Amino acid sequence: MVAITLPDGSTQNYEAPVTPADVARQIGPGLAKAALAAKVNGEEWDLNRPVDRDAHLSLITARDPEAMELIRHDAAHVMAEAVKELYPETQVTIGPAIENGFYYDFARDAPFTPDDLEKIEARMREIVERDEPIQREEWDRQEAIRTFEAMGEHYKARIIAELPEDAPVTVYRQGGFVDLCRGPHLPSTGRLGKAFRLTKLAGAYWRGDSSNEMLQRVYGTAWVTERQLEDYLHMLEEAERRDHRRLGREMDLFHFQEEAPGAVFWHPKGWTLFNRLVDYMRRRQDAAGYDEISTPEVLDRSLWEASGHWETFGENMYTATTADERAFAIKPMNCPGGVQVFKQGITSYRDLPMRVAEFGKVHRYEPSGALHGLMRVRAFTQDDAHIYCTEAQMESECREVVDFILDVYKDFGFEDVHIKFSDRPDKRIGSDEIWDQLEGALKGALDAMGHDYAYNPGEGAFYGPKLEFVLRDALGRDWQCGTLQVDLNLPRRLDATYVGEDGESHYPVMLHRALFGSLERFIGILLEHYAGNLPLWLAPVQGVVATITSDANDYAETVRRACRERGLRVQSDLRNEKITYKVREHSHAKVPLILVAGRDEAAKGNVALRRLGGREQEILALNEALDTLAREAAPPA
RNA sequence: GCCGCGGUAGCUCAGGGGUAGAGCAACCGAUUCGUAAUCGGUAGGGCGUGGGUUCAAAUCCCUCCCGCGGCACCA
């Protein structure tokens, strides 16, 4: 007998062994039909897997959050089964559930084509139709390896061979398909339902290592209900509309062209936006006790050798040789140049912390496949700063920077920001002792502040550990924006010192930090975040004065000039077009304000104010409108 | 960098061996019309690049460039 305790606290005795499916049937036919899997003592459990001892048991149905992952995982298996049926020579490798869906990596000689994708999806639907039972089996390890080898599934055999010794080898069988899998799974393929779709083909390296062979990855999306699938597909369409590359063109902000891959041509409106952000950051940094400098973009090779960049970062650097046969590099980072300013004269401990900002444009030769609109470019401007401080000051300076970043992000409506902590990479400079110290300080500051963060082993900068502040684009892709790195290595490499209280010279701790990170990337994120509807203070064109008839032209010009005098970026549209046409056009251009000037307004000294996205108009006296708008257009303090 | 897909007018896209197409935008007229498209007309293309196959290439094959989606990279 086993005693099964249900979530409501009631306990029932059963003849052992009993399966969750038995329990569900006993509770009621509705539940038996709805159950997808179970939880036994907190562990996810197949519906037909026997329970042989007393346990707490709960059933998972489509309404539970766990259902989504089960469905996606099953979708991956059904896809693998479909592929094996259609292309028996293809080997299966791994196929997990992921955010919004699933994928499966296959090994085969020829890549899949988009046609194959359709065939596979059609076969998947047949397999769902067949409603094959999905059965869990535990196999002997050596036996499992032999069996998969015999099946020609060499990748699976390798995966089993590398499983921990004590791990049970479980396989799942559905129809003629057998797959190594931890489970759990739905009781049969029919339970997957219809709410799935294969979405894209991609290459992916075996074990995520580019020195390994490339597998063929098929991505799909899967949901519990068809309604959810439709919503998701609809969301993707919406995301396409807020793609910053599209908005950049539509709003006439910037462009790229072949001659400068990964480098932005900023148009007047885009550059206006760019500069509003710089203005904002300058103001904030000034208030936070920063000075600002500017350093050369092209510096002699010897400096990069001294800093360690030439060796550690050289593959990403643009270099230039001049007629005098000197070798230069275009700066990929601002730090070595910045340190030269620090080194001028003698710095006392009394001068620390010294916070020095630079809006530095850097060039990095990024792999061609990494380029992505404004998000990943080869030439970009950082809102960089270096804080030189003592070891005693380092933790509090770190905390200030973290606070600063999060506070800045709030001004743009980013409330919950993902933070990642990255420690020493393989390719690095400096001793392990120094790294211990730096990692401890950075982590300590973060822990003391109580922020959640993800741990990113081995992803730090070559000179120090780092915090990454991550924002998401319209499609949910993560981009590192702000960053904070602590560094004791560059001051040594570049011989930057200060005179301490003891009269001796010491190396300062150097904090590298950027809040926006890259202005380019941040603008890309902002455009997608706001779907192009920038807040008034950032909009390149804040308003357009649109006339209804040419009788109002003079008045419209008066309004425009008055706006400009109040610092508002306002243009006029005197074209001989209908007001509906002008409203439509400027609305598409995402202009936040349309000030309509017709005969009435001209006669009474009013403006009819129409806000982007609004249906209503507001009639205001010109002066009143100017006061209101000037106030609304003020940047965050 | 790797795998797949793509590049035709300013934009969005048809055409896929036999004389380059549409809508929007642009330009020129007319229209003075109160809140998301007024009407008519005109002009605009080395079909990404270089090579090859062919009587004939936007179309088929190869090279390279750029872009898109992933992977790897990511300071």
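Here is how names work: the chains are called A, B, and so on, in the same order as the sequence lines, proteins then strands, and each is numbered from 1. Nothing here was measured: the structure is a model prediction, and the numbers come from that model.
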Check every strand shown and say whether A/His372 touches a base, only sugar-phosphate, or nothing at a heavy-atom separation below 4.0 Å.
-> sugar-phosphate
Looking across every strand, which nucleic acid part, if any, lies under 4.0 Å from A/Ile579 by heavy atom: base, sugar-phosphate, or nothing?
-> sugar-phosphate
pair_partner(B/rC2), Watson-Crick or wobble, both distances < 3.5 Å, evaluates to B/rG70
Below 4.0 Å: OP1/OP2 of B/rG10 and any side-chain N or O of A/Arg249 = no
How is A/Glu601 classified with respect to the nucleic acid when contacts are heavy atoms under 4.0 Å: base, sugar-phosphate, or nothing?
-> base
A/Phe380-A/His363 aromatic ring centre distance below 6.0 Å | no
Select base, sugar-phosphate, or nothing to describe what A/Glu585 touches, counting heavy atoms under 4.0 Å on all strands.
-> nothing
Can you name the one residue among A/Arg245, A/Arg246, A/Met375, A/Arg472 that meets side-chain contact (heavy atoms from CB on, under 4.5 Å) with A/Glu528?
-> A/Met375
How is A/Ala204 classified with respect to the nucleic acid when contacts are heavy atoms under 4.0 Å: base, sugar-phosphate, or nothing?
-> sugar-phosphate
Using a heavy-atom cut-off of under 4.0 Å over every strand shown, decide if A/Arg610 touches base, sugar-phosphate, or nothing.
-> base
Could you tell me whether A/Ala546 contacts a base, only the sugar-phosphate backbone, or nothing, with contacts defined as non-hydrogen atoms closer than 4.0 Å?
-> nothing
For B/rU59, which nucleotide is its Watson-Crick or G-U wobble mate, given both distances must be under 3.5 Å?
-> none
Using whole Å, report how far CG of A/Leu247 lies from P of B/rC11.
-> 16 Å
With a non-hydrogen cut-off below 4.0 angstrom, is A/Thr580 in contact with a base, only sugar-phosphate, or nothing?
-> sugar-phosphate
Between the side chains of A/Asp300 and A/Ser302, is a donor N or O closer than 3.5 angstrom to an acceptor N or O?
-> yes
Side-chain N or O of A/Tyr219 less than 4.0 angstrom from OP1 or OP2 on B/rC71?
-> yes
Using a cut-off of 4.0 Å on non-hydrogen atoms, how would the nucleic acid contact of A/Pro367 be classed: base, sugar-phosphate, or nothing?
-> base
A/Tyr155 and ring pair (Phe, Tyr, Trp, His ring centres under 6.0 Å): which partner among A/Trp206, A/Tyr104, A/Phe106?
-> A/Trp206
So what does A/Lys466 touch, heavy atoms closer than 4.0 Å: a base, only the sugar-phosphate, or nothing?
-> sugar-phosphate
If B/rA22 has a Watson-Crick or G-U wobble mate with both distances under 3.5 Å, name it; if not, just say none.
-> B/rU12
Examine B/rG69: is either OP1 or OP2 under 4.0 Å from a nitrogen or oxygen in the side chain of A/Arg245? Give yes or no.
-> yes
Describe the nucleic acid contact of A/Gln216 in one word from base, sugar-phosphate, nothing, applying a heavy-atom distance below 4.0 Å.
-> sugar-phosphate
Watson-Crick or G-U wobble partner for B/rU35, using a 3.5 Å limit on both distances?
-> none
OP1 or OP2 of B/rG69 sitting under 4.0 Å from any side-chain N/O of A/Arg217?
-> no
Exactly one of A/Leu593, A/Val607, A/Val570, A/Leu629 clears side-chain contact (heavy atoms from CB on, under 4.5 Å) with A/Cys563, and that residue is A/Val570
Using a cut-off of strictly less than 4.0 Å, decide whether A/Arg584 has a side-chain nitrogen or oxygen near OP1 or OP2 of B/rA25.
-> no
Remember a base hit wins even if backbone is also touched, and classify A/Tyr581 as base, sugar-phosphate or nothing at under 4.0 Å, heavy atoms.
-> sugar-phosphate
When you check the phosphate oxygens OP1 and OP2 of B/rC71, does a side-chain N or O of A/Ser210 lie under 4.0 Å from one of them?
-> no
Name of the residue among A/Glu459, A/Glu439, A/Glu468, A/Lys466 meeting side-chain contact (heavy atoms from CB on, under 4.5 Å) with A/Phe421 | A/Glu439
